[in-house]
Amino acid sequence: MIEARIKELRRLIQVHNYRYYILDDPELSDAAYDHLMRELQLLEAQYPELITENSPTQRVGTAALSAFASVQHEMPMLSLSNAFSEAELQAFDQRLHDRLKLDEASEIEYIAEPKLDGLAVSLLYRQGQLAQAATRGDGTTGENVTQNIRTIAAIPLLLLGKDYPDVLEVRGEVIMPTAGFDAFNAQARAADQRTFVNPRNAAAGSLRQLDARVTAKRPLDMYCYAVGKVEGDAIAVTQSETLSKLRAWGLPINPKTKVVQGLHACLDYYQSISQQREKLPYDIDGIVYKVNHLAAQQQLGSVSRAPRWAIAHKFPAQEEMSRILSVDFQVGRTGAITPVARLEPTFVGGVTVSNATLHNMDEVERKDIHIGDTVIIRRAGDVIPEVVRVIIADRLANAEKVNIPATCPICDAEILRQEGEAIARCSGGLNCSAQVKQAIKHFASRKAMDIIGLGDKLVELLFDHDLVSNIADLYQLKAADIAALPRMGEKSSTNLLNAIEVSKKTQLHRFIYALGIREVGEATAKALAKRFTDLNDLIETTPEILQEIDDIGPIVAQRVYQFFQQASSQESIRELIAQGIHWSVIEANAIQKDEELPLANHRYVLTGKLSQFTRAEAKSQLEKLGAKVSASLSKKTTALIAGEKAGSKLKKAQALNLTVLDEAALYTLLH
Ligand code: D41
């Protein structure tokens with residue numbers, strides 16, 4: 001009776017683990033799951049003789065080891081050769097064509113997957129039970145880390161189903177997801193303990209704990225990507241089928257893994273994953289492609305510890321070494337002073353970087369940055385490059401500390417830092433030209449008034465030539481004055497004035513956002529516009545009423561209230577409205593969620609020359625209707641919008657059988 005219940009509980013927990021970790025489709029709430037686990041723990045406490053090694057309660061051992069035993073891998077764990085460019089990948093595909101005697105036209109079927117930045121391990125299942133886990137080590141000899149691997153919840157102690165081989169060795173990568181890594185480091189920092197440099201080191205460090213109770217507290221995860229030794233019937237004839245089987249037995253497989261046909265599909269996959277990279281919950285450093293058919297793999301074999309049938313296509317490194325030449329201080333829209341490191345130009349993350357933000361003085365202190373320091377810099381995706389850490393050992397004896405100036409480098413007003421705040425600010429307000437310029441740039445920006453063509457450089461130019469000294473001045477600009485500016489002409493002058501004219505018809509939330517009230521981002525501006533459909537009501541409101549709005553707390557309420565209380569704010573709003581800025585109240589009432597917009601989930605690519613719009617205008621208008629506009633075609637592209645003299649994109653779209661729209665069709669789409 002009791003024994004049956006215990007067995008049933010173990011089975012239930014195993015099944016729900018599978019749904020949660022492998023299928024990513026949990027059926028139980030966390031509380032209901034915990035309830036099952038507690039019931040099992042209680043029963044096992046009462047009947048210790050019924051505890052088995054593979055009970056889900058027995059993941060964490062209680063005795064620390066004195067050292068790891070070594071493990072000989074029966075089949076060596078091979079390594080991957082690398083490709084650092086498209087050309088190298090193409091050469092790989094060509095080599096395989098040659099070796100497999102395929103003609104040029106036939107495409108090799110590959111399986112593509114993200115290359116996880118973790119630690120390779122081998123799991124050995126005997127009769128469906130996790131019997132041993134080892135690190136890859138040098139590929140021949142690794143370390144026995146079974147007791148640590150058992151603490152990783154995503155790894156099954158028992159396989160599901162019945163048709164697994166008697167002996168099954170599975171290989172994969174243990175990782176620490178970035179969220180867990182950040183949380184771990186934040187906690188370690190707060191407790192003045194050692195932090196890890198990156199998730200890979202964190203995963204490795206966590207697996208190399210002699211006390212599994214320590215490992216159990218680390219947020220580790222795993223994805224399997226290969227089988228090693230197998231005793232019993234052959235599992236499959238392709239790599240993709242192998243992975244499906246592993247998944248069915250309860251092993252974690254990366255859901256991004258995809259079968260692709262030929263080199264071009266590999267490159268498309270590479271592009272697609274590169275774009276998702278920053279949003280993935282774990283670090284990756286490239287893409288791995290493998291020949292999908294096992295017979296072809298066999299035929300290709302290996303050279304010096306790496307299979308010929310697989311390759312890692314690496315992303316450009318995101319971290320490189322550089323040197324801090326000097327530190328400047330930039331003034332933001334709200335006067336915030338940001339220290340910026342000027343660096344020895346360094347190629348990182350695919351571009352040459354010569355500046356990196358140091359965020360604020362607390363960060364400068366924490367990272368202990370000195371002028372002349374050798375540093376690790378990082379540029380990930382579109383994120384602003386930053387200094388990760390200093391290599392202290394390389395510091396010169398006379399290196400100078402970084403000090404914040406007492407006064408604003410632009411307007412000379414005093415720099416103040418409030419108690420408890422990390423950010424120091426210039427106290428010059430609108431007397432500080434840096435703050436005014438930033439305010440104008442923000443006002444014109446895409447999510448604000450969306451004045452197309454009025455970017456940072458042009459704002460600087462207008463300001464420096466005394467054509468604008470505040471936001472409202474934009475609406476007084478004269479064609480001849482603009483045309484007379486350096487590098488401007490009649491055409492660009494007309495374009496700018498048109499864009500300014502068009503921007504007058506706006507939406508209330510854009511206008512509120514454009515005002516640049518501190519702490520009021522796009523979402524808050526939308527919330528305000530929804531609550532106060534009449535701007536005058538917003539101007540006259542109180543902090544109490546503001547706080548009744550969801551997501552508006554006391555600080556934001558105070559900022560908004562203070563802003564509208566200022567005579568200068570009210571004056572500038574009056575002036576803007578007098579210049580013709582307007583919005584419709586109906587629109588203000590119906591702020592649509594992005595997914596409700598008419599072109600939500602549509603993806604367009606623009607090419608060729610349009611006659612009625614610039615490409616930027618077309619892009620902006622499509623985006624306002626919820627569409628995504630990207631630079632390159634993919635299977636997900638809704639349509640290519642082709643103007644005159646469209647070239648290779650048009651050919652590619654035709655080859656991909658995509659819809660192609662001309663300018664007239666675009667016009668219809670937008671109206
Ligand atoms: O994600 C990875 N890091 C990854 C590593 C992967 N997705 N596939 C891999 N496949 C192999 C072969 C082809 C040899 C089975 C690998 C590795 N090896 C690997 N990891 C560490 C050394 C080699």
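Both ligands and their constituent atoms are indexed starting at 1 by order of listing.
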Within the distance-only criterion (no hydrogens, no angle test), does the side chain of [X] pair as donor or acceptor with the backbone N or O of [Y] below 3.5 angstrom?
{"X": "Lys367", "Y": "Val387", "answer": "yes"}
{"X": "Arg200", "Y": "Gly118", "answer": "yes"}
{"X": "Thr151", "Y": "Asn148", "answer": "yes"}
{"X": "Asp368", "Y": "Val390", "answer": "no"}

Practice item. On the 0 to 90° scale, with breaks at 30° and 60°, tag the Tyr164-Trp249 ring pair as parallel, tilted or perpendicular. Key: perpendicular

Check your understanding: Where does the angle between the aromatic ring planes of His313 and Tyr289 fall among parallel (under 30°), tilted (30 to 60°) and perpendicular (over 60°)?
Key -> tilted

Enumerate the atoms of ligand 1 whose separation from the nearest heavy atom of [X] is less than 4.0 angstrom.
{"X": "Lys290", "value": "8 (N), 9 (C), 10 (N), 13 (C)"}
{"X": "Val288", "value": "6 (C), 7 (N)"}
{"X": "Glu113", "value": "7 (N), 8 (N)"}
{"X": "Ser79", "value": "23 (C)"}

Under 3.5 Å between some N or O of ligand 1 and some N or O of [X]?
{"X": "Ala226", "result": "no"}
{"X": "Trp309", "result": "no"}
{"X": "Arg136", "result": "no"}

Check your understanding: To the nearest 0.5 Å, how far apart are CD in Glu143 and CZ in Arg208?
Key -> 4.0 Å

Review point. Does the distance from a Lys or Arg side-chain N to an Asp or Glu carboxylate O, for Glu386 and Arg378, drop under 4.0 Å?
Key: no

How far is [atom] from the closest protein heavy atom, and which atom is that?
{"atom": "atom 1 (O) of ligand 1", "result": "Leu116 N, 2.9 Å"}
{"atom": "atom 23 (C) of ligand 1", "result": "Leu78 O, 3.2 Å"}
{"atom": "atom 4 (C) of ligand 1", "result": "Tyr225 CE2, 3.3 Å"}
{"atom": "atom 12 (C) of ligand 1", "result": "Leu80 CD2, 4.2 Å"}

Practice item. Using a 4.0 Å heavy-atom threshold (strictly under), name the region of Lys115 that reaches ligand 1: side chain, backbone, both or neither. Key: both

Review point. Within a strict 4.5 Å, meaning less than it, do heavy atoms of the Met75 and Arg171 side chains meet?
Key: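 Answer yes - side chains close enough.
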
Review point. Does ligand 1 have any atom that is closer than 4.0 Å to a heavy atom of Pro114?
Key: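 Contact present.
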
Exercise for review: Name the option, out of Ala120, Gly139, Gly286, that contains the heavy atom nearest to atom 21 (C) of ligand 1.
Suggested key: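 That would be Ala120.
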
